[in-house]
Each structure stands twice: as structure tokens, then as C-alpha cells.
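Bear in mind the structure is a predicted one, so any value in this text is a computation, not a measurement. Starting from 1, each residue takes its place in the sequence as its number. Computation of the quantities below employed the complete heavy-atom set of this structure, encompassing side-chain atoms and omitting hydrogens, waters and symmetry-equivalent molecules.
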Amino acid sequence: MVPFTKWTSPYITGLFTFSILFIFMFFQNAVIYTFLETSVDSTKGGLCACDKCVTDLNDDDWFFLRFNPTVAPLLNRRNSVLQTDVYRWWKGLQSDSSKTNYTEVVDTLFSLFPDEDHYSDAGPDRCRTCAVVGNSGNLLRSHYGQLIDSHDFVIRINKGPTKGFEKDVGSKTTHRILYPESAVDVDNSTHLVLLPFKIEDMRWLISVFTTRHITSTYIRVRPTVNADRDKVMIIHPAFIKYVYESWLQKHGKYPSTGFITLILALHICDEVNVFGFGAKSDGHWHHYFDGILTHFSRGSHGGDFENKTINELLLIGKIYMHKGWLL
Ligand SMILES: *[C@@H]1O[C@H](CO)[C@@H](O)[C@H](O)[C@H]1NC(C)=O
Ligand SMILES: *[C@@H]1O[C@H](CO)[C@@H](O)[C@H](O)[C@H]1NC(C)=O
Ligand SMILES: *[C@@H]1O[C@H](CO)[C@@H](O)[C@H](O)[C@H]1NC(C)=O
């Protein structure tokens, strides 16, 4: 045994020294890499792989006082428990005093629809571009279709159609935000994203994919909708409250669908381009697809404050606005 040890010990010592050296170099490289990466990131400001990221830390206090990345935008079983104040606020939006058991509704929802941590993949390697497409008449004659379709996500709102308007609004829809009263069929490449202003809306979604027995809320609603069940998502009630408090500073009664969608995009995308937002110069909204006019700041939404907030987001470069044709 003794000769063997004598013979191998220089080798072992050599190997040992070499390993130490190797490990040292490896760590040194790791340290240098980390250093490079952070310095590259900080010159670019980038916490994502796009040229400019929503989460760029460009010392903007206004933004980071409002933006809270820990609020989950989309519901799943694990994040579904509502704090008392959230539940009370959310119930306060609802006219009905239904005795629906929220816990049971959530249970049913996620026995039907994907129960996932959606879009928790933000990081230095991700560059997800999003087009948020509103329904404003300023899209008409804009020829934005191709530009809109070039985004990774194309998020549309309520009934806004593409058929017949492809040249101006595009044809791709990855997500459509809707609620029972605004529901339309979506094709099976589109995520139906429910914006639940009330528990009844969640029950309606369940009904649509099962019994189809719910035919009205406060108005008649569609009992059926064509959509891929495996792509259904539900916006978190706590996210709606967060948008209202953090971003709207409690102006109006609750935020509009367009505004919630825009803040949702800030949370799930790295770069946000906005199309089809904005009223006519006389303050009236009109849709690109019908003649219905509504006044911008009327109703429950605190439209002026939404407008101000959107303008601020523009000013600090967190979103880009494609204004189309102002009428
Ligand atoms: C709702 O249902 C859950 C589970 O079935 C039950 O534990 C809970 O007590 C119910 N809550 C109310 C307020 O009825
Ligand atoms: C998607 O929809 C098309 C047309 O509506 C249909 O032919 C196709 O089978 C559907 N695909 C899936 C995976 O459901
Ligand atoms: C929204 O803000 C823009 C820019 O300040 C302004 O030109 C526009 O008139 C506002 N729209 C409404 C409806 O208040």
C-alpha cells in the first residue's frame, strides 16, 4: 500500500492544485460575467431583452410608486384567496347581493380552465412586444394592420372585430378581454380573458362551457361563446382594485376595460404599443366598427384621470401611442 501512495501522491497533489486553480478561474469568470451583465444592463437600463423595457429602472419615481410587479394580474387556485378589503371592494361593484360562494366558484373555474402561473417569466432574456388595440374610430384609414400583427401579443378589447377591418386593425388576436355583456366568439388561437367585475361573471364563464343556462345578468347575455377552453384566463379581482387605487388614485367608481387592459399589458409585456385609444376632439368616443358615440369622461370611469395617467406613461416612455387619424 505504501508504494502505491508514494507513487500517486504527486499526481493527486497536482490534480488538487489544478482543481483549485480551475475552480478559482471559474468563479472569477462568473464574477466578471455577472459584473459585465449588470453593467451592460444598467447602461441599457434593461431588465428584459428589448431595447427598452417596461421595467427599466430609469429612476422614475412616478412609475414605481404605481407599478407593483407583485400583484398577480391573472387568477389561479393558489393566488385566489381574496383579502377582506379586496373582497368587500369587489362586491361593492356588484348590484346583485347574490350569495354565490367565491371559493366554490374558483374551484369550479380551475377544474375547467388552466390553473397556471401565467406570464411569470419576465427576465433579462425575454423581449415580449405587445399591441394593445382599443376600439377608437381613429383606427379607420390608419393602415396599422401589419404593424399591429407584427407584435408577439395582440390584445383586443370587447367586441372590436378584425373581419372587414384587417388593413387598419390587423387580423391577429392573441388575447381578447371581455365580460358577459361584451362577449363575442373568439377563434381557437385566441385566449379568452375574462374581466370579472362581479362573481356573476365567473359563474357565467362556467355556464358558457358547461350548462349554458345563464342567459342574462343585468341585460341579456350570450349563453354560449366559441373559444378554446384550454386558453381561458381570468383577470384577478385584486388586480382590478390595484389598478383603481394605484393607477387611478380612486378616481371614478372603477377603471374602464381599456385602462385595465393597458395596465395588464404593462405587467405581462416588455414593450407596449397602444393603438385605437383616444376620443374625438369634441370629447366623444366612437368605435371603428359602429356609429355609437359616448362621452369620454361620462359614466363611472373617471375618464379624464385615465387620460392624464396614459399621457404620463407616454411622456416617460413606458408606452408608445399610435394615434391614427384624429377626427
Ligand atoms: C364556501 O364554501 C367553502 C367550501 O365549500 C366552505 O368551506 C365555506 O365555509 C363557504 N363559505 C361561505 C361564506 O359560505
Ligand atoms: C380551430 O378552429 C378551426 C376552425 O374553426 C378548426 O377547424 C380546428 O379544428 C380548430 N382547432 C382546434 C385545435 O380545436
Ligand atoms: C386626453 O389628453 C390629450 C393630451 O393631453 C388631449 O389632447 C385630449 O383632448 C384628452 N382627451 C380627452 C377626451 O380629454
Distance (rounded to the nearest 0.5 Å) between L264 CG and I177 CD1: 5.5 Å
Under the 3.5 angstrom rule, does the side chain of W90 hit a backbone N or O of P196 as a donor-acceptor pair? yes
Partner set under salt bridge (charged side-chain N to carboxylate O under 4.0 Å, His left out) for D187, not counting sequence neighbours: none
Here's a test for you: under ring pair (Phe, Tyr, Trp, His ring centres under 6.0 Å), which of F197, W89, F259 qualifies with Y254? F197
Once side-chain hydrogen bond (donor to acceptor under 3.5 Å, both in side chains) is applied, do any residues pair with T211, and if so which ones, sequence neighbours excluded? H213
Under the salt bridge (Lys or Arg N to Asp or Glu O under 4.0 Å) rule, what do K318 and D56 come out as? Steps first, then yes or no, please. CA-CA 9 Å; K318 294 295 181 186; D56 277 350; over 6 Å; no
Determine if the SG-SG distance between C53 and C127 falls under 2.5 Å. no
H267/F67 aromatic ring centres below 6.0 Å: yes
For the student: nearest non-hydrogen atoms of T261 and T257, plus distance: OG1-O, 2.7 Å
Distance, nearest 0.5 Å, that separates CG of D149 from NE2 of H151: 10.0 Å
Can you sort out the partners of D168 under salt bridge (charged side-chain N to carboxylate O under 4.0 Å, His left out), two or more places apart, ordered by chain and number? none
Run the salt-bridge test on E181 and K198 with the 4.0 Å N-O cut-off and return the result as yes or no. yes
Please check this pair: side chain of K172 against backbone of G145, looking for a donor-acceptor N/O pair closer than 3.5 Å. no
Testing the basics here: between T55 and L47, what is the closest heavy-atom pair and its distance to 0.1 Å? O-CD1, 3.2 Å
Please determine whether residues I199 and V193 belong to a single hydrophobic cluster, defined as Ile, Leu, Val, Met, Phe, Trp and Tyr linked transitively by side-chain heavy-atom distances below 4.5 Å. yes
For the atom pair CZ (R229) and CZ (F113), what is the distance rounded to the nearest 0.5 Å? 7.0 Å
Any side-chain heavy-atom pair of Y179 and V221 under 4.5 Å: no
Main chain of G324, side chain of Y144: is a donor-acceptor contact present, judged purely on distance under 3.5 Å? yes
Quiz question: by atom type and distance under 3.5 Å, do the side chains of D117 and N76 form a donor-acceptor pair? yes
For F153 against C269, the heavy-atom pair lying closest together: CD2-SG, 4.5 Å
Please tell me if the side chains of H191 and D228 come closer than 4.5 Å, counting only heavy atoms from C-beta onward. no
Would a distance-only check, ignoring hydrogens and angles, find a side-chain to backbone donor-acceptor pair under 3.5 Å from T309 to F305? yes
Could you check K241 against D85 for salt bridge (Lys or Arg N to Asp or Glu O under 4.0 Å), going step by step and ending with a plain yes or no? CA-CA 10 Å; K241 181 168 184 275; D85 60 323; 3.2 Å; yes
Can you tell me if D60 uses its side chain to pair, donor with acceptor, with the backbone of I316 under 3.5 Å? no
Value for NZ (K250) from CG (L248), rounded to nearest 0.5 Å, stands at 12.0 Å
Which atom pair, heavy atoms only, marks the closest approach of V133 to I148? CG2-CG2, 3.8 Å
Using ring pair (Phe, Tyr, Trp, His ring centres under 6.0 Å) as the criterion, list what pairs up with Y218, not counting sequence neighbours. none
Compute whether any side-chain donor of one residue and acceptor of the other, for W247 and Y242, lie under 3.5 angstrom apart. yes
Test side-chain contact (heavy atoms from CB on, under 4.5 Å) on F275 and V169 and set out the steps. CA-CA 9 Å; F275 301 82; V169 310; over 6 Å; no
Passes side-chain contact (heavy atoms from CB on, under 4.5 Å), N273 versus I319? Steps please. CA-CA 6 Å; N273 289 292; I319 59 174; over 6 Å; no
Going through the checks in order, is the salt bridge (Lys or Arg N to Asp or Glu O under 4.0 Å) test met by R77 and D107? CA-CA 7 Å; R77 244 188 245 274; D107 238 34; 2.9 Å; yes
Are the side chains of I310 and M321 in contact, using a 4.5 Å heavy-atom criterion? yes
What's the separation between atom NE2 in H175 and atom CG in L192, rounded to the nearest 0.5 Å? 11.0 Å
Which residues pass the salt bridge (charged side-chain N to carboxylate O under 4.0 Å, His left out) test with R66, sequence neighbours left out? none
Any donor-acceptor pair under 3.5 Å from S142 side chain to N138 backbone: no
Linking I/L/V/M/F/W/Y whenever their side-chain heavy atoms sit closer than 4.5 Å, directly or via other members, would L140 and I157 fall into one cluster? no
Kindly give the heavy-atom pair with the smallest separation between V232 and F209, and that separation in Å. CG2-CZ, 3.9 Å
Checking E271 side chain against C50 main chain: does a donor-acceptor pair fall under 3.5 Å? no
Can you confirm whether the side chains of S207 and R212 place a donor and an acceptor under 3.5 Å from each other? no
Just wondering, are more than 12 heavy atoms of other shown residues or ligands nearer than 6.0 Å to CD in Q146? no
Inter-residue atom distance I263.CD1 - S246.OG, 0.5 Å rounding: 9.0 Å
Below 4.5 Å, heavy atoms only, C-beta onward: do W204 and V225 meet side chain to side chain? yes
Is any side-chain heavy atom of V105 closer than 4.5 Å to a side-chain heavy atom of I206? yes
Residues K91, R88; criterion side-chain contact (heavy atoms from CB on, under 4.5 Å); working and verdict: CA-CA 5 Å; K91 285 293 275 184; R88 197 177 300 136; 5.9 Å; no
Go through the steps to decide whether E306 and S256 satisfy the test side-chain contact (heavy atoms from CB on, under 4.5 Å), and finish with yes or no. CA-CA 8 Å; E306 289 191 357; S256 72; 2.8 Å; yes
Find out if a path of hydrophobic residues (ILVMFWY) with successive side-chain heavy-atom gaps under 4.5 Å connects Y119 to L195. yes
Short side-chain to backbone donor-acceptor contact, D201 and L194, under 3.5 Å: no
Is I260 linked to V274 within one hydrophobic cluster, defined over Ile, Leu, Val, Met, Phe, Trp and Tyr using a side-chain heavy-atom separation of less than 4.5 Å? yes
T190 versus R176, closest heavy-atom pair with distance: CG2-N, 3.8 Å
Is there side-chain contact between V243 and I240, with heavy atoms separated by less than 4.5 Å? no
Short side-chain donor-acceptor distance under 3.5 Å, T100 and E200: no
Identify each donor-acceptor pair in which a side-chain atom of residues 159-167 lies under 3.5 Å from a protein atom, sequence neighbours left out, and give them as a table.
unit_1: E166; atom_1: OE1; unit_2: G164; atom_2: N; d: 3.0
unit_1: E166; atom_1: OE2; unit_2: G164; atom_2: N; d: 3.4

Between N188 (side chain) and K231 (backbone), is there a donor-acceptor pair under 3.5 Å? no
Cluster check Y320, I268: I/L/V/M/F/W/Y, side chain < 4.5 angstrom: no
D152 side chain to T129 backbone, donor-acceptor under 3.5 Å: yes
